[in-house]
Q: 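Before we start, here is the structure in question, set down as structure tokens.
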Amino acid sequence: MGRKFQNKKKKVAPQLEIVPLDENPPLPPQRSSDDVVPKKEKWVNKQRVLVFSARGISHRDRHLMKDIKTLMPHHRPESKMERSKTLSVVNEMCEMKHCNKAMLFEGRRKRDLYMWISNTSGSTGPSAKFLIENIHTMAELKMTGNCLRGSRPLLSFDSKFDELPHLKLLKELFVQTYSVPNHHPKSQPFVDHVFTFTYLDKRIWFRNFQILSEDGGLSEVGPRYVMNPVKIFDGSFTGKTIWENPDYVSPSKQRQVLKKAAKDKYVNRVEQKVKHEATRPVRAYDGVDNEELFEDDDPVETAKILAAIAKKKKEEAAKQTPKSALTKKIKEKQLQAVKDVIERKKARTIKRVKKV
């Protein structure tokens with residue numbers, strides 16, 4: 001039996017047509033409510049600053065903190081921190097509030113205000129401590145300037161911030177803390193005011209100006225305050241001291257010096273009183289000549305007294321020997337003395353001759 005072999009034809013795969021992709025594909029007719037709508041975010045720089053204070057600040061310090069919150073729409077509020085808590089707790093508070101910067105106001109004795117600015121992301125730091133001086137709030141100044149609430153500011157720094165190393169670090173810290181991120185939900189898309197940081201007298205002077213015109217016209221808004229840098233730390237509220245101000249004197253020490261100066265002034269005044277009592281004469285001084293002239297106001301009597309005094313002086317002058325007579329007597333005495341000396345010498349020579 002023979003086998004019949006049939007020729008099997010090879011199947012050819014159909015060629016696919018290249019269809020250009022549509023740039024705008026049609027949307028599906030139905031969409032599930034669980035699907036997330038894709039959204040392109042413009043808010044990239046998500047800097048959040050936790051601005052709060054510790055217990056013990058005065059009313060002026062509280063108003064300054066309120067003004068700073070008004071100027072920084074990217075801040076996060078927080079209630080007052082208890083005094084019993086340490087500064088390291090601030091890092092945990094920032095983590096719970098999803099903040100990477102912190103600004104803490106700390107009061108001492110209801111008089112002095114200290115401000116901490118720190119980078120709390122990962123507790124890496126750095127952090128800086130300042131003594132706040134010459135505080136003037138916006139409500140107190142009542143300046144003519146005005147700016148839009150929530151608008152983004154320009155930051156202007158002095159040329160010193162590019163020369164000194166510790167000021168370079170503070171400049172970067174200020175830029176990341178005070179600058180409002182672009183497209184922040186609570187910010188306005190306008191730039192109508194400027195923050196100026198000026199380094200003068202080893203302090204940092206903060207001012208807020210409204211931009212009136214493009215040619216540089218400014219009008220101050222407020223607030224005003226001066227930051228006296230104390231220390232810069234490596235970590236966030238902890239770590240090694242990177243820089244310390246050698247010219248810093250604490251306010252309590254300054255008050256102590258002033259009290260001591262006032263005390264020395266009082267002691268000097270008491271010493272002068274004691275010296276005056278010790279050197280005061282026991283009896284009165286002798287009267288001046290012709291003091292009887294001042295006892296009577298009658299001019300006739302005064303004239304009579306003056307005439308009597310003149311007559312008395314004239315009589316005393318008459319009793320005295322005149323000058324020519326006195327000179328003659330002196331010459332006679334000198335001549336007699338010379339004669340006596342000559343006679344003594346003659347007598348001595350005669351005695352010597354007789355002996356020989």
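As the structure is a prediction and not an experimental result, all values here were calculated from the model. The residues of the chain are indexed from 1 along the displayed sequence.
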Q: Side chains of Thr198 and Thr196: is there a donor and an acceptor less than 3.5 Å apart?
A: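 Note: Thr198 and Thr196 side chains miss the donor-acceptor criterion.
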
Q: Could you tell me whether Lys304 atom NZ has more than 12 heavy atoms of other residues or ligands within 6.0 Å of it?
A: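 Open: at most 12 neighbouring heavy atoms sit under 6.0 Å from NZ of Lys304.
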
Q: With a cutoff of under 4.5 Å between side-chain heavy atoms, which Ile, Leu, Val, Met, Phe, Trp and Tyr residues group with Leu154?
A: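 Its cluster partners, ordered by chain and number, are Val191, Val194, Phe209, Ile211, Leu218.
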
Q: When hydrophobic residues are tied together by side-chain contacts of less than 4.5 Å, even through go-betweens, does Ile204 share a cluster with Leu64?
A: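 Yes, one cluster joins them.
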
Q: Are the side chains of Asp162 and Lys171 in contact, using a 4.5 Å heavy-atom criterion?
A: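 Yes - at least one pair of side-chain heavy atoms lies under 4.5 Å apart.
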
Q: When you compare the side chain of Arg108 with that of Glu106, does any pair of heavy atoms fall below 4.5 Å?
A: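 Yes - at least one pair of side-chain heavy atoms lies under 4.5 Å apart.
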
Q: Would Val180 and Met72 satisfy side-chain contact (heavy atoms from CB on, under 4.5 Å), going step by step from the backbone distance to the final call?
A: CA-CA 7 Å; Val180 179; Met72 298 168 60; 5.6 Å; no

Q: Can you check whether His166 and Trp243 have ring centres sitting under 6.0 Å from each other?
A: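 That pair passes the under 6.0 Å test.
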
Q: Step by step, work out the side-chain contact (heavy atoms from CB on, under 4.5 Å) result for Ser58 and Arg111.
A: CA-CA 7 Å; Ser58 63; Arg111 294 182 178 181; over 6 Å; no

Q: Establish whether Leu71 and Met227 are linked, either directly or via other cluster members, by ILVMFWY side-chain heavy-atom contacts under 4.5 Å.
A: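 Yes, it is one cluster - the side chains of Leu71 and Met227 are joined through contacts under 4.5 Å.
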
Q: Has Glu95 got more than 12 heavy atoms of other residues, nucleotides or ligands less than 6.0 Å from its CD?
A: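 Counting other residues, nucleotides and ligands, CD of Glu95 stays at 12 neighbours or fewer.
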
Q: Step by step, work out the side-chain contact (heavy atoms from CB on, under 4.5 Å) result for Lys97 and Leu50.
A: CA-CA 8 Å; Lys97 288 281 186 177; Leu50 186 66; 4.0 Å; yes

Q: Distance under 6.0 Å and angle within 45° of the ring axis: does Arg224 meet both against Phe206?
A: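 Output no; distance or angle outside limits.
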
Q: Report the distance from atom CG of Leu148 to atom CD of Gln188, rounding to the nearest 0.5 Å.
A: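 Rounded to the nearest 0.5 Å, the CG-CD separation comes out at 5.0 Å.
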
Q: Working to the nearest 0.5 angstrom, can you tell me the gap between Thr241 OG1 and Lys231 NZ?
A: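 Those atoms lie 4.5 Å apart.
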
Q: Would you say Glu78's side chain and Phe52's backbone share a donor-acceptor pair under 3.5 angstrom?
A: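 Not confirmed, Glu78 side chain does not pair with Phe52 backbone.
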
Q: Under 3.5 Å, side chain of Thr349 to main-chain N/O of Lys345, donor-acceptor pair present?
A: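 Side chain of Thr349 to backbone of Lys345: a pair is present.
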
Q: Should we say atom NZ of Lys160 is surrounded by more than 12 heavy atoms from elsewhere, each under 6.0 Å from it?
A: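 No, the 6.0 Å shell around NZ holds no more than 12 heavy atoms from other groups.
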
Q: Could you check if a side-chain atom of Arg62 sits within less than 4.5 angstrom of a side-chain atom of His59, using non-hydrogen atoms only?
A: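 Result yes, sub-4.5 Å side-chain heavy-atom pair found.
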
Q: Could you verify whether a donor N or O on one side chain and an acceptor N or O on the other, from Ser236 and Asn91, lie under 3.5 Å apart?
A: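 Looking only at side-chain atoms, Asn91 and Ser236 do form a donor-acceptor pair, the distance falling under 3.5 Å.
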
Q: To the closest 0.5 Å, what do you measure between CG (Asp192) and SG (Cys147)?
A: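 One finds 5.5 Å between CG of Asp192 and SG of Cys147.
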
Q: I want to check a possible cation-pi pair here: Lys129 against Tyr114, using under 6.0 Å from ring centre and within 45° of the ring axis as the test.
A: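 Yes - Lys129 lies over the ring of Tyr114, closer than 6.0 Å to its centre and within 45° of its axis.
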
Q: What I'd like to find out is whether the side chain of Phe105 reaches to under 4.5 Å of the side chain of Val51, using heavy atoms alone.
A: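 They are in side-chain contact.
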
Q: Would you say Met115 and Met65 are hydrophobically clustered, going by side-chain heavy atoms of ILVMFWY under 4.5 Å?
A: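 In one cluster with Met115: Met65, yes.
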
Q: Using side-chain heavy atoms (C-beta onward) and a distance below 4.5 Å, is Gln47 in contact with Asn100?
A: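 Gln47 vs Asn100: side chains touch.
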
Q: Please name the pair of heavy atoms, one in Thr120 and one in Cys94, separated by the smallest distance, quoted to 0.1 Å.
A: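 Shortest heavy-atom contact: OG1-CB, 3.5 Å.
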
Q: Quick one: do the Gln336 and Glu332 side chains pair a donor with an acceptor below 3.5 Å?
A: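 No, Glu332 and Gln336 have no side-chain donor paired with an acceptor closer than 3.5 Å.
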
Q: Please walk me through it: do Glu82 and Lys85 pass salt bridge (charged side-chain N to carboxylate O under 4.0 Å, His left out)?
A: CA-CA 6 Å; Glu82 299 294 335; Lys85 295 182 181 179; over 6 Å; no

Q: Assess whether a salt bridge exists between Glu315 and Lys312, defined as any Lys/Arg side-chain N lying under 4.0 Å from an Asp/Glu carboxylate O.
A: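 No, no charged N to carboxylate O under 4.0 Å.
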
Q: To the nearest 0.5 Å, what is the distance between NZ (Lys339) and CD (Glu343)?
A: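 Separation between the atoms: 8.5 Å.
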
Q: Would a distance-only check, ignoring hydrogens and angles, find a side-chain to backbone donor-acceptor pair under 3.5 Å from Ser127 to Phe237?
A: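 At least one qualifying donor-acceptor pair exists.
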
Q: Between Pro77 and His75, what is the shortest heavy-atom contact and its length?
A: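 Nearest pair, atom of Pro77 first, then His75: N-CD2, 3.9 Å.
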
Q: Would you say the side-chain atoms of Asn119 pair up with the backbone N or O of Gly125, donor to acceptor, closer than 3.5 Å?
A: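 At least one qualifying donor-acceptor pair exists.
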
Q: Of the non-hydrogen atoms in Arg55 and Arg83, which two are nearest, and what is the gap between them?
A: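 For Arg55 and Arg83, the tightest heavy-atom pair comes out as O-NE, 3.1 Å.
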
Q: Measuring only between side-chain heavy atoms, which start at C-beta, is Asp61 closer than 4.5 Å to Tyr225?
A: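 Not touching, per the 4.5 Å side-chain cut-off.
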
Q: Can you tell me how far apart CZ (Arg60) and NE2 (His63) are? Round to the nearest 0.5 Å.
A: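 It comes to 9.5 Å.
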
Q: Is the centre of the Phe197 ring less than 6.0 Å from the centre of the Tyr178 ring?
A: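 They qualify: ring centres under 6.0 Å apart.
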
Q: Counting only N and O atoms by type, is there a donor-acceptor contact under 3.5 Å from the side chain of Ser187 to the main-chain atoms of His184?
A: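 Yes.
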
Q: Can Leu104 be reached from Val89 by stepping across I, L, V, M, F, W or Y side chains whose heavy atoms are under 4.5 Å apart?
A: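 Shared cluster, yes.
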
Q: Supply the atom-to-atom distance Asp112 CG to Lys110 NZ, rounded to the nearest 0.5 angstrom.
A: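 Answer rounded to 0.5 Å: 12.5 Å.
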
Q: May I ask you to check whether over 12 heavy atoms, not counting those of Arg149, lie within 6.0 Å of atom CZ?
A: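 Result for CZ/Arg149: open.
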
Q: Using modelled atom types only, decide if a donor and an acceptor are shared between the side chain of Asp67 and the backbone of Thr137 within a distance under 3.5 Å.
A: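 Pair absent, no side-chain N/O of Asp67 close to backbone of Thr137.
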
Q: Where does the angle between the aromatic ring planes of Phe174 and Phe157 fall among parallel (under 30°), tilted (30 to 60°) and perpendicular (over 60°)?
A: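 Because their plane-to-plane angle is under 30°, the rings of Phe174 and Phe157 count as parallel.
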
Q: Determine whether Lys240 and Asp234 satisfy the following criterion, salt bridge (charged side-chain N to carboxylate O under 4.0 Å, His left out), listing intermediate values before the conclusion.
A: CA-CA 5 Å; Lys240 297 180 181 179; Asp234 185 14; over 6 Å; no

Q: Does any non-hydrogen side-chain atom of Asn182 lie less than 4.5 Å from one of Asn45?
A: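 No, too far: nothing below the 4.5 Å cut-off.
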
Q: Does NZ belonging to Lys46 count more than 12 external heavy atoms closer than 6.0 Å?
A: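 Enclosed.
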
Q: Check step by step if side-chain contact (heavy atoms from CB on, under 4.5 Å) holds for Leu170 and Leu167.
A: CA-CA 5 Å; Leu170 291 178; Leu167 291 181; 4.1 Å; yes

Q: Can you give me the closest heavy-atom contact between Arg203 and Asn228, atom names plus distance?
A: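 Minimum heavy-atom contact is NH2-ND2, 3.7 Å.
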
Q: Side-chain contact test, heavy atoms from C-beta onward, threshold under 4.5 Å: evaluate it for Ser250 versus Tyr248 and give yes or no.
A: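 Yes, close enough: below the 4.5 Å cut-off.
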
Q: Between Val230 and Trp116, is there shared hydrophobic-cluster membership here, with clusters defined by ILVMFWY side-chain heavy atoms closer than 4.5 Å?
A: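 They do not share one cluster, since no chain of ILVMFWY contacts under 4.5 Å joins Val230 to Trp116.
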
Q: Restricting to non-hydrogen atoms, name the atom on Ile57 and the atom on Ser53 that form the minimum distance, rounded to 0.1 Å.
A: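 Closest approach of Ile57 to Ser53, heavy atoms only: CD1-OG, 3.5 Å.
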
Q: Keeping the roles fixed (side chain from Trp205, backbone from Leu200), state whether a donor-acceptor pair exists under 3.5 Å.
A: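 Yes: the side chain of Trp205 pairs with the backbone of Leu200.
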
Q: Where is the tightest heavy-atom contact between Met81 and Leu87, given as atom of each residue plus distance?
A: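 In this case the closest contact between Met81 and Leu87 is CE-CD2, 4.3 Å.
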
Q: Please set out all donor-acceptor pairs under 3.5 angstrom arising from side-chain atoms of residues 257-268, sequence neighbours excluded.
A:
unit_1: Asn268; atom_1: ND2; unit_2: Asp264; atom_2: O; d: 3.1

